[in-house]
Amino acid sequence: MAADDTTTPDESAERTDFVRERVQQDLATDRFGGRVQTRFPPEPNGYLHVGHAKAIHLDFELAREFGGTCILRFDDTNPDTEDTSFVEGILGDLNWLGYEPDDVVYASDYFEQLYAWAELLVTDGKAYVDDQDLDTIRAQRGGYGKPGVESPCRDRPPEENLDLLRRMRAGEFDDGAMVLRAKIDMQHENMQLRDPVMYRIRRGHHHRTRDAWVIYPTYDWAHGQSDAIEGTTHSLCTLEFDSHRPLYDWFLEQLPLPNDRPYQTEFARLELTHTITSKRKLAQLVADGVVDGWDDPRLPTLRALRRRGYPASAIREFCAYIGVARTNSRHQIELLESFVRTELNRTAQRRMAVLRPLRLSITNWPTDDAGEPIVEQFDIVNNPENADDGTRSVAFTGELWIEQDDFMVDPPKKFFRLSPGREVRLRGAYFVTCTGFETDDDGNVTRVLAEYDPATKGGSAPDGRKVKSTMHWVSAHHAVSATVALYERLFTAEVPGEATGDPFDDLDRSSREVLVDCKVEAALGDTTPGEVVQFERLGYFALDPRDPMWFHRTVGLRDEWANIQKRQG
RNA sequence: UCCGGGGUCGUUCAAUGGUAGGACAGCGGUUUUUGGUGCCGUUUAUAGGGGUUCGAGUCCUCUCCCCGGAACCA
């Protein structure tokens with residue numbers, strides 16, 4: 001299932017939670033004859049996001065751990081909002097996350113069985129057709145602490161209900177004209193049990209069944225029954241379905257099931273700081289053009305995280321780490337990012353890239369017989385964390401690009417980088433000492449002058465003298481131009497909408513900064529689409545899957561200097 | 001208002017009647033040809049009251065706070 005499994009058996013054996021304990025107990029009591037089957041049931045009306053990743057991880061890993069199966073079931077009971085493009089998107093995203101369902105099914109596969117069972121409930125006097133309008137039915141449902149009142153249709157004889165239901169299916173009535181309701185208890189303290197709707201009339205085009213049906217089952221009527229039909233044992237869902245559980249059980253108790261009766265267990269959904277996971281709001285961001293599309297790297301969708309360079313394994317590790325519980329919680333986005341950094345630190349190749357270029361001229365750089373500046377090649381380590389990644393050759397000359405942030409005329413305390421009179425190391429090349437700088441009419445530094453020490457070739461001094469800083473650089477003659485997108489949090493507030501109730505009030509519309517004409521080392525021209533590399537001292541960057549010279553910042557490196565600056569104000 | 005679910009460091013997850021621990025974040029140090037990584041150290045928590053017990057985060061009880069539930073959404 002997981003493409004690469006980095007957890008040791010020991011760790012996974014130690015890891016336990018209330019869901020796994022229930023499964024253990026079911027195994028011990030032989031509740032399902034030793035079977036464990038879970039399902040991930042997305043509605044195909046949007047794309048998967050990190051919140052889904054938690055559920056997917058639970059469903060699939062649980063099945064794997066207990067030698068069971070996990071299937072993907074599209075909960076396609078509402079033709080108005082669903083689409084095949086989402087089906088395909090979800091399939092692809094799930095696959096990228098590293099999971100292969102044991103089967104792919106659709107709730108719509110069960111429409112015929114569901115309908116037959118509905119007729120059975122009608123015949124048994126446990127369901128009835130209600131032809132009142134929506135507002136009336138809603139008003140009759142009562143409220144918290146207020147009992148409901150029974151529908152005048154409640155005592156319609158079964159034969160009449162059956163006739164009406166058949167004619168509903170046959171398309172004799174208009175959309176919304178009537179519904180089929182379960183006959184449970186209008187006084188129940190749990191509102192879900194006050195005669196819930198099972199079927200509604202809707203003449204939308206269903207993405208799979210086309211126009212075969214004009215009545216569609218509601219979530220409650222479809223979900224548990226679908227679980228039972230396909231042999232799911234452990235039906236895992238999020239906390240908001242807690243009050244639906246008695247209804248889930250009630251329906252299943254009334255029916256002749258082909259399998260053992262599954263049961264529902266709820267857990268807390270994943271929330272992240274600075275993030276929204278509401279599908280509706282996400283869709284609005286896309287529709288309003290606040291972001292570029294469903295895969296805009298600032299979004300928490302799986303396709304966005306992928307494009308941004310988040311490794312699927314890091315997301316899986318994160319999910320394993322946070323575990324599963326019933327406590328509502330909101331994890332800091334920094335925790336997810338730390339898993340991303342840990343993974344990328346291990347795997348990403350190091351490269352040098354100058355995002356905001358400043359010219360550095362080495363005034364004592366030698367020329368050859370023809371008077372041309374000489375070019376040196378240095379072998380630089382690709383990843384100090386992994387010797388097998390070897391080295392690459394990088395060209396060095398007397399005209400270089402360095403980062404604007406790496407030079408200051410009047411450096412404050414604790415600034416270790418280049419400034420007049422100071423010596424620094426150019427990574428893998430030479431020590432250089434700043435001898436001067438040039439400015440334009442506005443006083444902006446346009447060029448830094450320095451002298452190099454030929455004895456420090458390769459980056460170390462034979463006399464053992466130290467420098468406080470090592471800087472990245474790119475040879476001006478060999479540099480390649482690239483576009484780099486930097487991303488800040490899409491929402492400035494930890495909890496978007498907490499202050500005003502509207503998350504969009506916390507939107508940072510300048511959360512993307514696109515830098516053009518960045519100067520990067522030639523080897524970056526060989527980066528493969530989607531590959532993530534580390535720009536030394538800056539962060540991890542993913543090459544866009546379509547644009548060959550466009551990098552997205554996955555996540556920055558931890559930045560001690562930024563912390564110091566913040567403290568100094 | 002009624003029903004249900006929750007409340008442990010700043011955040012989050014553990015501790016299953018027996019020393020409240022880890023991670024992230026922070027801070028300090030150390031190593032370092034990335035102010036990265038690694039390593040070491042360190043600050044901070046059981047919502048409140050009563051009870052049971054030799055012993056309570058854990059069991060009982062009252063109070064407080066947070067979340068969810070009244071679509072022909074899922």
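We name chains A, B, ... by the order of the sequence lines, and we start the count at 1 in each one. For the numbers below, each heavy atom of this structure counts, side chains included, while hydrogens, waters and symmetry mates do not. Keep in mind that this is a model prediction, so the values were computed, not measured.
Rounded to whole angstrom, the span from the CD atom of E521(A) across to the C1' atom of rU34(B) amounts to 13 Å. Atom CD1 of I322(A) and atom P of rC24(B) are 15 Å apart (whole Å). One can place CZ of R351(A) at 17 Å from P of rU34(B), the figure rounded to the nearest angstrom. When the C1' atom of rG36(B) is taken as reference, atom NZ of K468(A) falls 18 Å away, rounded to whole Å. When rounded to the nearest whole Å, the span between NE2 of H57(A) and P of rC13(B) equals 16 Å. Between the CD1 atom of I564(A) and the P atom of rG26(B) there is a distance of 12 Å, given to the nearest Å. In this structure, L557(A) atom CG and rU34(B) atom P are separated by 11 Å, rounded to whole Å. One can place CZ of R346(A) at 19 Å from C1' of rU34(B), the figure rounded to the nearest angstrom.
Partners of R392(A) according to the side-chain hydrogen bond (donor to acceptor under 3.5 Å, both in side chains) rule, which considers only residues two or more places apart in sequence or in another chain, are N382(A), E521(A). Not counting sequence neighbours, the partners of R330(A) by the side chain to side chain contact (heavy atoms under 4.5 Å, CB included) test are E271(A), T273(A), V495(A). Under the rule for a side chain to side chain contact (heavy atoms under 4.5 Å, CB included), the partners of F18(A) that lie at least two apart in sequence or sit in another chain are R22(A), T265(A), F267(A), V324(A), R326(A). Partners of E43(A) under the side-chain hydrogen bond (donor to acceptor under 3.5 Å, both in side chains) rule, at least two apart in sequence or in another chain, are N45(A), T81(A). Under the rule for a side-chain hydrogen bond (donor to acceptor under 3.5 Å, both in side chains), D559(A) has no partner lying at least two apart in sequence or in another chain. Residues passing the side chain to side chain contact (heavy atoms under 4.5 Å, CB included) test with A395(A) are V375(A), Q377(A), H478(A), sequence neighbours excluded.
Contact annotation: R326(A) side-chain N/O to rG6(B) OP1/OP2 distance is under 4.0 Å. Between rG28(B) and R567(A), a contact under 4.0 Å exists linking OP1 or OP2 to a side-chain N or O.
Below the 3.5 angstrom threshold, one finds a donor paired with an acceptor across the side chain of Q534(A) and the base of rU34(B).
For the C1' atom pair drawn from rA14(B) and rA45(B), the interatomic distance equals 13 Å after rounding to whole Å. Of the P atoms belonging to rA56(B) and rG48(B), the separation is 15 Å, rounded to the nearest Å. One C1' atom belongs to rA20(B), the other to rU12(B), and the distance between them is 16 Å to the nearest Å. rU8(B) and rA47(B): their P atoms are spaced 6 Å apart (whole Å). Taking atom C1' on both rG21(B) and rC59(B), the two are 23 Å apart, rounded to the nearest angstrom. Taking atom P in both rU44(B) and rU52(B), one finds a spacing of 32 Å when rounded to whole Å. The same atom, P, is picked in rU58(B) and in rC3(B); the two are 25 Å apart, to the nearest Å. Distance noted for atom C1' between rA15(B) and rC9(B): 14 Å (whole Å).
Counting only distance, with no hydrogens or angles, the side chain of R269(A) and the backbone of S329(A) share no donor-acceptor pair below 3.5 Å. A donor-acceptor pair under 3.5 Å is absent between the side-chain atoms of W221(A) and the main chain of V197(A), judged by distance alone. For the pair S278(A) (side chain) and K281(A) (backbone), a donor-acceptor distance under 3.5 Å is present. The closest donor-acceptor contact from the side chain of R73(A) to the backbone of A107(A) lies at 3.5 Å or more, if one exists at all.
Between H206(A) and Y216(A), the ring planes lie parallel to each other; the angle is under 30°, not in the 30° to 60° tilted range. Under the 30°/60° scheme for interplanar angles, the aromatic rings of F541(A) and F535(A) are found to lie parallel. Ring planes of H52(A) and H49(A): tilted class, angle from 30 to 60°.
Contact annotation for E21(A): base contact, defined as any heavy-atom pair under 4.0 Å involving a base atom.
A pairwise comparison of heavy atoms in R202(A) and D80(A) identifies NE-OD2, 2.9 Å as the closest pair.
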Exercise. So H223(A) and Y219(A), ring pair (Phe, Tyr, Trp, His ring centres under 6.0 Å) or not? Walk me through it.
Worked result: CA-CA 6 Å; H223(A) 206 88; Y219(A) 166 85; 4.7 Å; yes

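Remark on RNA chain B: of its neighbouring residues R425(A) and H331(A), the 5'-side contact belongs to H331(A), judged by nearest-heavy-atom nucleotide.
Of the charged side-chain nitrogens involved, none lies within less than 4.0 Å of a carboxylate oxygen, so that E334(A) and R341(A) do not count as a salt-bridged pair.
Near RNA chain B, meaning a heavy atom under 4.0 Å from it, residues 412-419 of chain A has K414(A), F415(A), F416(A), R417(A) in order of number.
Q534(A) and E536(A) form no side-chain donor-acceptor contact under 3.5 Å, judged by distance and modelled atom types alone. Neither side chain, D220(A) nor T218(A), offers a donor N or O lying under 3.5 Å from an acceptor on the other.
Comparing atom distances between the S329(A) side chain and each of rG5(B), rG35(B), rC13(B) picks out rC13(B) as nearest.
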For this session: Using a 4.0 Å heavy-atom cut-off, write out nucleotides 64-74 of chain B from 5' to 3' as B (base contacted by protein), S (sugar-phosphate only) or - (no contact).
Result: ---SSBBSBSB

Within the sub-3.5 Å range, which N or O atoms of nucleotides 8-10 of chain B have a protein N or O partner, and how far apart are they?
residue	atom	partner	partner atom	Å
rG10(B)	N2	Q332(A)	OE1	3.1

Using a cut-off of under 3.5 Å, enumerate the N/O to N/O pairs linking the protein to nucleotides 37-40 of chain B.
residue	atom	partner	partner atom	Å
rU37(B)	O2'	N345(A)	ND2	3.1
rU37(B)	O2'	E385(A)	OE1	3.4
rU37(B)	O2'	E385(A)	OE2	3.4

So which protein N/O to nucleotides 21-23 of chain B N/O distances come out below 3.5 Å?
residue	atom	partner	partner atom	Å
rG22(B)	N2	Y321(A)	OH	2.6
rA23(B)	O4'	Y321(A)	OH	3.0
rA23(B)	O2'	Y321(A)	OH	3.4

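For E172(A), the CD atom sits in a packed shell: over 12 heavy atoms of surrounding residues, nucleotides or ligands are nearer than 6.0 Å. Other residues, nucleotides and ligands contribute over 12 non-hydrogen atoms within 6.0 Å of the CD atom of Q284(A).
Geometric assessment of R208(A) against the ring of Y106(A) yields a positive cation-pi assignment under the 6.0 Å and 45° thresholds.
Annotated as syn: rA71(B), whose glycosidic dihedral is within 90° of 0.
Scanning RNA chain B for stems, defined as runs of 3 or more consecutive Watson-Crick or G-U wobble pairs whose donor-acceptor distances all fall under 3.5 Å, gives the following ranges: B:2-7 with B:64-69, B:10-13 with B:21-24, B:26-30 with B:38-42, B:47-51 with B:59-63.
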